[in-house]
Asker: 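Here's a structure for you.
Just so it is clear, the values below take in all heavy atoms, side chains as well, and ignore hydrogens, waters and symmetry mates.
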Amino acid sequence: EEMLSLQWANVDFQRKELYVPREDAKSGIGRRVPLLPRSLELLRTFKRNPSGTHVLHQKDGRRFVKDAMWRPIKNAARLAEIPNLT
């Protein structure tokens with residue numbers, strides 16, 4: 001959920017970190033996360049949605065929801081006969 005909630009305003013390319021606000025943090029405590037060079041490189045390739053603020057978004061600009069991301073992974077695990085995927 002933290003990744004799905006990530007907004008461009010919380011990505012700092014100069015400091016090479018992102019900020020997870022407390023309201024988005026699983027622990028309820030905001031924190032800064034250092035970004036590795038590969039992560040920074042990847043983030044720079046992401047297309048920004050002109051009508052939205054989220055880093056990860058659907059084609060129409062809407063934010064992804066957890067179930068929309070998790071459902072295909074669970075289906076693939078089921079087909080691959082991988083039990084209890086978490």
Side-chain angles (χ1 to χ4, degrees):
E1 185 61 30
E2 289 179 1
M3 289 191 55
L4 296 177
S5 298
L6 182 62
Q7 297 186 42
W8 285 113
N10 295 330
V11 178
D12 189 333
F13 286 102
Q14 291 200 351
R15 288 185 165 193
K16 300 178 182 174
E17 67 183 18
L18 60 85
Y19 177 67
V20 179
R22 65 181 173 81
E23 56 271 6
D24 295 336
K26 190 175 183 178
S27 66
I29 300 170
R31 66 185 186 288
R32 297 192 179 284
V33 180
L35 292 168
L36 297 172
R38 177 68 179 129
S39 300
L40 287 165
E41 181 183 322
L42 211 84
L43 280 168
R44 285 188 177 104
T45 68
F46 286 11
K47 293 183 180 182
R48 294 188 186 214
N49 173 18
S51 63
T53 60
H54 288 90
V55 174
L56 300 175
H57 56 84
Q58 299 180 51
K59 287 182 183 181
D60 64 4
R62 288 181 299 131
R63 172 191 188 280
F64 276 113
V65 292
K66 189 166 82 170
D67 288 344
M69 297 289 287
W70 189 237
R71 194 175 308 117
I73 294 169
K74 287 196 84 130
N75 286 339
R78 182 181 47 76
L79 292 171
E81 298 180 0
I82 299 172
N84 305 321
L85 181 71
T86 59

Asker: Could you check whether E41 pairs with R38 (Lys NZ or Arg NE/NH1/NH2 to Asp/Glu carboxylate O, under 4.0 Å)?
Answerer: yes

Asker: Quick one: pull up CH2 in W8 and CG in L43 and give me the separation to the nearest 0.5 Å.
Answerer: 5.0 Å

Asker: Rounded to the nearest 0.5 Å, what separation is found between the CG atom of L18 and the CZ atom of R31?
Answerer: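 L18 CG to R31 CZ: 8.5 Å, rounded to 0.5 Å.
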
Asker: Once rounded to the nearest 0.5 Å, what's the spacing between atom CG of N49 and atom CZ of R62?
Answerer: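 N49 atom CG to R62 atom CZ measures 11.0 Å (nearest 0.5 Å).
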
Asker: Grab the two heavy atoms, one from E2 and one from D24, that are nearest each other, plus how far apart they are.
Answerer: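 Smallest heavy-atom distance, with atoms named: CG-O, 3.2 Å.
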
Asker: Quick check for you: to the nearest 0.5 Å, what is the distance between N10 atom CG and H54 atom NE2?
Answerer: 9.5 Å

Asker: Under a 3.5 Å cutoff, is there a donor and acceptor pairing between the side chains of S5 and R63?
Answerer: yes

Asker: First locate atom OG1 of T45, then atom CG of L40, and finally report the distance between them rounded to the nearest 0.5 Å.
Answerer: 11.5 Å

Asker: Count I, L, V, M, F, W, Y as connected when their side-chain heavy atoms are under 4.5 Å apart, and connections chain through other members. Are L35 and Y19 then in the same cluster?
Answerer: no

Asker: More than 12 heavy atoms of other residues, nucleotides or ligands under 6.0 Å from CZ of R22: is that the case?
Answerer: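 Atom CZ in R22 is not crowded, with 12 or fewer foreign heavy atoms closer than 6.0 Å.
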
